[in-house]
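Below is one structure; the comments refer to it alone.
Letters A, B, ... are given to chains in the order of the sequence lines, protein chains preceding strands, and every chain is numbered from 1.
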Amino acid sequence: MQVNDPLSNVLYIDLSKRTFEVKRRDDIFERYLGGTGAAIKLLHEECPEDCDPHGPENPIIFTVGPLTALFPLASKTVAMFKSPHTGNLGESHCGGRSAVAIRMAGYGAIVIKGTSDIPIYISIDNKQVHFRDATTLWGMGSFSSGRVIRENETGAGLRTIMRIGKAGEKLISYASVISETYRHFGRLGLGAVFGSKKLKAVVVSGKSSLPVVDMKQYRKAYNEIYNSAVKSPVMKKYHDLGTPENVLPLNEFGGLPTRNLKEAQFEKAEVISGESLAEHYLGRRLACSNCPVGCIHIAALREPYEDEAYFYKTTMISYDYEPIYALGTMLGMNSAKDYLRLMDRVEAWGIDAMSAGVVLAWATEAQEKGIISEKETLDVKLGWGDVQSYITALRNIIEQPNEFYTALARGIEHTISIYGGEDFALAFGGNEMPGYHTGPGAHIGTLIGTRHSHLDNAGYSFDQKLLAKEEKSPEDLVDILVEEEIWRQILSSLVICFFARGIYSPELVSRLLNITGFDVSEADLDRIGREIYVEKYRFKMREGFKLDDMRIPKRIFETPSPIKQLDEAYIRKALEHVKEILAQEGVFQN
Amino acid sequence: MRLAVLETEKCVGCQLCMFACSRRQNEAGLAKSCIGVKSIGGMERGFSVIVCRACENPPCAKVCPTDALTPREGGGVHVDLEKCIGCGHCREACVIGAIYWDDEINKPMICIHCGFCVNFCPHGVLGMEKKKEIEHASK
């Protein structure tokens, strides 16, 4: 990398002492590029074994990559931490302006440790870290607190405002962090780690110049990527309907989890499809920094005041595939308006839409089956499609007025340890399931993915593109998934949006890295990706992760998926094979 | 011809114009960009695109004590960095905040209306126009 590239500046912040320092860490960025690679290295350094996720020693690590602010679509920030949700590796990615702002402020990584005694927010620019009293902001929703900070701080247009809502403050283990109003570090509870540190928000702003090896080559390569992104068919779906384009095809395929996966098709899918939302509600489009696609879809929900005629309010609410699945089909929501109302609350309170939806779906079925009663739910009668019952229950999850809601606030895995109902508790590796019941690829993918996310290895995609055509042995399937996950370590070390994976080939990535001063070949990329993958599993095993202990909810076998080749023996064989792969790399479960 | 913000409401906030402006100057990053995009009090309300409007009789040039800023033919101003003393009066005189600042040399950076950024606006927010047409188009 270039000697004057600010990428290897790591900003270390201590909230307990209210101090900060900057260290050059060429060693990390030369070896792991940035993003997820740099983050796992920093996590190994900064996160003590068995530490309390809510303790001052749990680090919050933000990283960006060498291509950020240089090339289009390399605008994700990786967050790493010990997850309060799973008690293990926490990793979440967010777009918006976060990555470009961090890079332009002159950093490749920010490490936040310690705990503040009073609520604070921190404001980071090219020179300084300011610690500001956030007492007045505590208890505020994510929209309002963003508004206040926006007015208070400089750097408009060049900044990110990453903040939590009430869920983070109340330590809901799947609380999110929200940036730029509509983008999220959604999964695995970064919001609760913020809350445990009394950290309401992190503002980062800056502008700087970046070095490149060859300006002419740089400009040429930029044009090449820009043209691919604007003209090529590989990004068209994100450009047009956005991620909700998936709703109808998945429904038709029979892989759209519905009513806690009692079914895999939703009779009202049309109502909350990308097509229908675009036609009736789409009010604005937004883009992350340096993204020519602009996949962010915002609905305009116009509603009358409840008690006053001819008065209306219009709320702008973002929608995407996964929230439509979790808060829509999983809850049997048969009106787009109701889905948007629930989404708006999820956004304001700052809770992971996916986990929240799956938790509520489990609770609905548990009440249906009589495992819990209205004594536990405090008279709330949860009903498929009954948005008011879900909003009330969600508020209770955040306020935790009794033991039941306190349990739900820690997710499904924890709740079933008290109340039972594990057969229909749809969490994998402790993380609530994503919106795919497509076949073995989807479920094995989330089980073995390092962060138990559908984006780890895109198993759902292999179900539809590969397994729909030919059978694969569990071993072959795992090999395919692991190879995909290894390549994705490179993409997320360069913080390239996965939606642009069709453009960023290994050949292009290696060429771009050369332009930015990294001497990295395609073969090197494979080696680095593998190393990062192994380092993540090393961390997971260190914290007690066991492939042998993976709970597989029976529900996924009861409800037929489009790819029939799905049973427990198949999955167990797949897990065994992951152990073999890791053993070859010297990584073993305890 | 001058650069014009044709339809701010169409802006999605991608900031590609800002990065384009840097590249046009053989720069990478945002330090030298002469155009800015910021939200109007939050992303939900949309954006404003801030760049030199090529005023007739530009106030920035009028307040320059060293005559470093001179109106350009076709709109905009020319900055003579030799003459500029970095006083910042021009920046204060521009009510839309379109005078950006080069912190490295402590001098103004102002759009030269080259139109390079227009090629990288995927949504038709920016365009090149003759002066008269723009005044009719603006809201």
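Using the six-membered ring where Trp is involved, A:His239 and B:His123 have ring planes that are parallel, under 30° apart on the 30 and 60° scheme.
Atom CG of B:Leu16 and atom OH of A:Tyr226 lie 6.0 Å apart (nearest 0.5 Å). Note: A:Lys207 NZ to B:Asp102 CG = 7.0 Å, rounded to the nearest 0.5 Å. For the atom pair B:Met43 CE and A:Tyr182 OH, the distance stands at 10.0 Å (nearest 0.5 Å). To the nearest 0.5 angstrom, B:Phe120 atom CZ is 10.5 Å from A:Asn290 atom CG. Summarising the geometry, atom OG belonging to B:Ser39 is positioned 9.0 Å from atom CD belonging to A:Glu180; distances are rounded to the nearest 0.5 Å. Summarising the geometry, atom OG1 belonging to A:Thr314 is positioned 12.0 Å from atom CD belonging to B:Glu44; distances are rounded to the nearest 0.5 Å.
In this structure, the side chain of B:Glu27 does not engage the main chain of A:Leu210 through any donor-acceptor pair within 3.5 Å.
Listed options A:Met215, A:Arg159, A:Met316 were ranked by heavy-atom pairs under 4.5 angstrom with chain B; first place goes to A:Met215. Comparing B:Lys10, B:Arg24, B:Glu104 by heavy-atom pairs within less than 4.5 Å of chain A, the highest count is held by B:Arg24. When each of A:Ser208, A:Gly96, A:Ala69, A:Cys291 is checked for heavy-atom pairs under 4.5 Å with chain B, A:Ser208 comes out on top. Contacts with chain A were tallied for B:Gly42, B:Gly29, B:Ala31; B:Ala31 has the most, counting heavy-atom pairs under 4.5 Å. Annotation: maximal heavy-atom pairing with chain B below 4.5 Å, among A:Ser289, A:Gly294, A:Pro211, occurs at A:Ser289.
Contact of the B:Leu30 side chain with the A:Val100 side chain is registered, since non-hydrogen atoms from C-beta on lie closer than 4.5 Å.
In this structure, chain A has a heavy atom under 4.5 Å from the backbone of B:Asn119, while its side chain stays farther away. Of the two parts of B:Cys121, only the backbone, made up of N, CA, C and O, holds a non-hydrogen atom closer than 4.5 Å to a non-hydrogen atom of chain A. Interface remark: A:Arg97 contributes side-chain atoms only to the contact with chain B (heavy atom separation under 4.5 Å). Looking at A:Arg284, the atoms closer than 4.5 Å to chain B (heavy atoms on both sides) all sit in the side chain, from C-beta outward.
In this structure, A:Arg219 is not positioned above the aromatic face of B:Phe19 in the sense of NZ or CZ being under 6.0 Å from the six-membered ring centre and within 45° of the axis.
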Practice item. Assess whether side chain to side chain contact (heavy atoms under 4.5 Å, CB included) is satisfied between A:Leu286 and B:Phe47, documenting all intermediate values. Key: CA-CA 10 Å; A:Leu286 299 174; B:Phe47 300 90; 3.4 Å; yes
**Study point:** Evaluation steps, side chain to side chain contact (heavy atoms under 4.5 Å, CB included), between B:Val12 and A:Ile296
**Key:** CA-CA 9 Å; B:Val12 299; A:Ile296 308 167; over 6 Å; no
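Applying the 6.0 Å contact sphere to CD of B:Glu82 captures no more than 12 heavy atoms from other residues, nucleotides or ligands. Summarising the local packing, NZ of B:Lys107 is surrounded by more than 12 heavy atoms from other residues, nucleotides or ligands at distances under 6.0 Å.
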